[in-house]
Structure formats: C-alpha cells, structure tokens
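Everything on this sheet refers to the single structure shown next.
Here the structure is a predicted model, which means the values were calculated and not measured.
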Amino acid sequence: MWFKHLHLYRLHDEQVIPLDALEDALDAQAFRPVGPHEAKRAGWSCPAGRHGRSLVHEIQGHRLLTLSRQERLLPSSVVKELLEERCLEQEARQGYAVTRRDRLAIKEKLVEELLPQAFTRSTRIDVWWDTRRRLIGVHCASVKRAEDTLDVLRQSLGSLKVTPVTVSIPPGRTMTEWLTKPETRPDTLLLGDQIELRAASEEEGVFRGRQVDLEGEEVQAALDAGRRVSQLRLSTEGQMSFTLHEDLAIKSIRFSDNLVDEANDSTDDEDPILKLDTEFSLMAHTLTSTLGQLIDWLGGETETPPATP
C-alpha cells in the first residue's frame, strides 16, 4: 500500500470530524459499479479491499480512505466512425445533409446504445488524512485527479476547507540554490541522479537528465546559463527517496528497503488487516517526518485562505 505520488493539502477545519460521523458520511456515497447506461461512477470503498468492512482505516490519528472509480471505455474513434455511418444513412433517407442539431442527437443515441457493450476500467485513489497535523495527502500523479478526489470528499462531508500546501520560498528557487550553493543544502538531504531544468524562455526547451551527476559539469553549465531546477531527485537517509517538483508535488516515491523489510518481517501475509496496519503506520510516520523537514527546508509553510466549502 506504499504511496508512489503525493499531493499535499492543508485542512483549515479546526474540529476533527469524529470517526463514526466520517464513516456515515462516506457510506452515503459508497462505491457501486457503473450501470449499463452510465459512463462513470466514483464512491468510497474499504481501504483493506475485500478483507475489510470499514470505509476508514485509522491508526494513531492517521486515517486512510479509498476512492474507487469505474468508467466505461468507449473509444472516440469507434464513436466517430459509427456516427459517420449513421449520418450518411439518414442523409440517404431524407435526401439532404443532417443538421448540427440532428448530428448531436444521433451521437447521443449512439453512445447510449454502445455503453452497455463497453468494457469497464476500475481505479482507486488513496487519501492519507493526518488528523493531528491537519494535513491531507492524495495518492495520485495528477493534480487534477487529486482535486477531483477532494471534490468527492467535499460532497460527502458537505464541507471541506482545504488549500494546497505552499511554502514561503518557491521550491524551484531553493532546489536551484542547493545545486549552485552546496553549502545551503541540509546535511541529511541527499542528491539523487535525476533532474529537470527550465530556461527563462520556453523556446529554449527543457533539459532532462537521468542517471547523471547533479554536481557534474553538464548540470552546472546549464545552471550557469541561467536555467532553474523544476524537478529534483532527492532522498533522506533511511526513510525515502522522491522527486520534488516546483509545485511541491512529490512523485516517484520509494521507501527505504529497511522500512519495507521491517513491515514484511512484522506481519504475516495471511493477515491482510495487520499487514495494512503495519505498512500504513510506517508509511504515515515516515511521510510526517520527511515532509515536516522538507517544508522547513523550503522556508516553512505559508498561510493561505481556506477554499470555499
């Protein structure tokens, strides 16, 4: 259950919603499969999957929620091809070209016919809720998908005042300084081997390096030419490695082998609930520690007005 990507949000609600009330709110919007004429559906499911019954998995103030999505796959190329055939057939019957309005009506009817035959695709997005620090982390690569997930949570709760976590110094500026002025880099922060550099002008393109020496001549020459860091591979010893983006998104997370081994050694694979407990606890505490340090290194968190409920 180890997270691979993370988008962080600050929760502005002062009161922690009781566990029972949260369970009831999520249950009212529990996941159910898409119907034959539905394009997609989203709802809350058990974080433990078929092994659990609770929609909220909580341990030591950390809550884990799971949003399940299911959508019918209807390729636009298939719809377009059949739509042209239907339009030509109608033109032949009526003796003149179909209007734009008629074309839209034909398309709507066609989609309605095809949906029950379409394959479905299911995905899940986990949400980590640190009730003590009022932080919410959404496990997905896309910021849009993270916002969509929070919208569903907001609908379930009736209100959810959250804003993306922001820091006082732009991450891109700090990451650039860590490379141009190594003495400013925290002692416990280790450089990885991946980087993305952007120029002031978009016409100059983007420099991307993998398996490169971040303190080598090639990277330093690009920095001397005025490029700034937009993505940087970093790690904290004994905890996790990750790619920090200039918008504070944290991606390609890899937890240390020691943590993963500790989780594996502490649990029996035959007890999935205990396994989830152990992995979630270790992951949550590691994220709390690492993210707290990272935010401090980036100049501390800034105050932002809450989002409109």
Side-chain angles (χ1 to χ4, degrees), residues 1-7 9 26 28-50 55 64-128 136-156 164 194 196 198 202 205-206 208 210 230-231 243 245-247 249-254:
M1 80 131 309
W2 306 94
F3 284 13
K4 294 181 179 179
H5 311 292
L6 194 66
H7 292 276
Y9 295 85
L26 300 186
Q29 200 167 349
F31 174 75
R32 66 172 178 82
V34 292
H37 297 287
E38 290 180 309
K40 58 184 177 181
R41 280 198 64 85
W44 303 102
S45 58
C46 298
R50 61 186 178 85
L55 294 177
L64 181 64
L65 320 178
T66 297
L67 181 71
S68 292
R69 293 179 176 272
Q70 192 175 71
E71 58 183 332
R72 292 192 175 274
L73 304 179
L74 196 56
S76 58
S77 58
V78 173
V79 175
K80 183 178 179 181
E81 182 178 347
L82 291 176
L83 176 61
E84 293 303 323
E85 292 179 7
R86 295 282 179 92
C87 288
L88 288 173
E89 291 172 0
Q90 182 161 324
E91 288 176 2
R93 288 196 304 270
Q94 64 189 19
Y96 56 88
V98 298
T99 64
R100 181 175 181 275
R101 181 176 181 178
D102 289 340
R103 187 181 181 88
L104 289 174
I106 294 172
K107 183 178 180 180
E108 289 179 4
K109 185 177 180 181
L110 180 60
V111 170
E112 186 177 347
E113 292 175 9
L114 293 175
L115 273 178
Q117 307 170 41
F119 289 106
T120 59
R121 176 176 63 188
S122 299
T123 57
R124 57 177 280 168
I125 296 177
D126 292 321
V127 178
W128 163 53
I136 289 181
V138 184
H139 177 207
C140 60
S142 162
V143 65
K144 181 182 184 306
R145 186 54 61 90
E147 296 285 352
D148 289 346
T149 301
L150 292 178
D151 283 343
V152 178
L153 183 57
R154 184 177 294 111
Q155 293 168 13
S156 299
Q194 298 177 25
E196 180 182 279
R198 293 186 178 273
E202 293 185 2
V206 178
R208 293 185 178 91
R210 289 180 175 273
S230 52
Q231 296 180 24
T243 299
H245 289 233
E246 60 184 342
D247 63 354
I250 299 166
K251 298 187 178 182
S252 302
I253 299 171
R254 179 184 172 88

Practice prompt. Kindly determine whether Asp148 and Ile125 satisfy side chain to side chain contact (heavy atoms under 4.5 Å, CB included), including the steps that lead there.
Written response: CA-CA 10 Å; Asp148 289 346; Ile125 296 177; over 6 Å; no
How many angstroms lie between atom [atom1] of [X] and atom [atom2] of [Y], to the nearest 0.5 angstrom?
X: Leu115; Y: Arg72; atom1: CG; atom2: CZ; answer: 6.5 Å
X: Lys4; Y: Asp126; atom1: NZ; atom2: CG; answer: 12.0 Å
X: Gln90; Y: Tyr96; atom1: CD; atom2: OH; answer: 7.5 Å

Item to complete: Run the numbers on Cys46 and Leu55 for side chain to side chain contact (heavy atoms under 4.5 Å, CB included), then give the verdict.
Response: CA-CA 4 Å; Cys46 298; Leu55 294 177; 4.2 Å; yes
Of all the heavy-atom pairs spanning [X] and [Y], show the shortest one and how long it is.
X: Ser156; Y: Leu26; result: CB-CD2, 4.2 Å
X: Ala249; Y: Asp247; result: N-OD1, 3.0 Å
X: Phe31; Y: Ser45; result: CB-CB, 4.5 Å
X: Leu74; Y: Ala118; result: CD1-CB, 4.4 Å

Item to complete: Check step by step if side chain to side chain contact (heavy atoms under 4.5 Å, CB included) holds for His5 and Cys140.
Response: CA-CA 5 Å; His5 311 292; Cys140 60; 5.9 Å; no
Would you call [X] and [Y] a side-chain contact if the rule is heavy atoms closer than 4.5 Å?
X: Lys251; Y: Gln231; answer: no
X: Leu67; Y: Trp44; answer: yes
X: Thr149; Y: Leu153; answer: no
X: Leu88; Y: Glu91; answer: yes

Worksheet item: Got more than 12 heavy atoms from elsewhere within 6.0 Å of NZ, Lys107?
Response: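 12 or below, so no.
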Worksheet item: Do other residues, nucleotides or ligands put more than 12 heavy atoms under 6.0 Å from Glu84 CD?
Response: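 Above 12, so yes.
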Practice prompt. Check the angle between the aromatic planes of His139 and Phe3 and answer parallel, tilted or perpendicular using the 30° and 60° thresholds.
Written response: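 Answer is parallel, since the angle falls under 30°.
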Worksheet item: For residues Glu196 and Ser230, is any side-chain donor paired with an opposing acceptor at under 3.5 Å?
Response: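 Present: a donor and an acceptor within the cut-off.
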Worksheet item: When you look at Val152 and Arg69, which way does the side chain to side chain contact (heavy atoms under 4.5 Å, CB included) test go after all the steps?
Response: CA-CA 11 Å; Val152 178; Arg69 293 179 176 272; 4.3 Å; yes
Worksheet item: Under the side-chain contact (heavy atoms from CB on, under 4.5 Å) test, which residues partner Glu38, sequence neighbours left out?
Response: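 Only Arg32, Val34, Arg41 meet the side-chain contact (heavy atoms from CB on, under 4.5 Å) criterion with Glu38.
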Discussion item. Given 3.5 Å as the limit, does a donor-acceptor pair link the side chain of His7 with the main chain of Ala141, or not?
Written reply: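 Yes; judged by distance alone, with no hydrogens or angles, the pair exists.
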Discussion item. Given 3.5 Å as the limit, does a donor-acceptor pair link the side chain of Arg124 with the main chain of Thr66, or not?
Written reply: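 Not a single qualifying donor-acceptor pair exists.
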Worksheet entry | For Glu113, salt bridge (charged side-chain N to carboxylate O under 4.0 Å, His left out) partners two or more places apart |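 For Glu113 the salt bridge (charged side-chain N to carboxylate O under 4.0 Å, His left out) partners, ignoring immediate neighbours, are Arg86.
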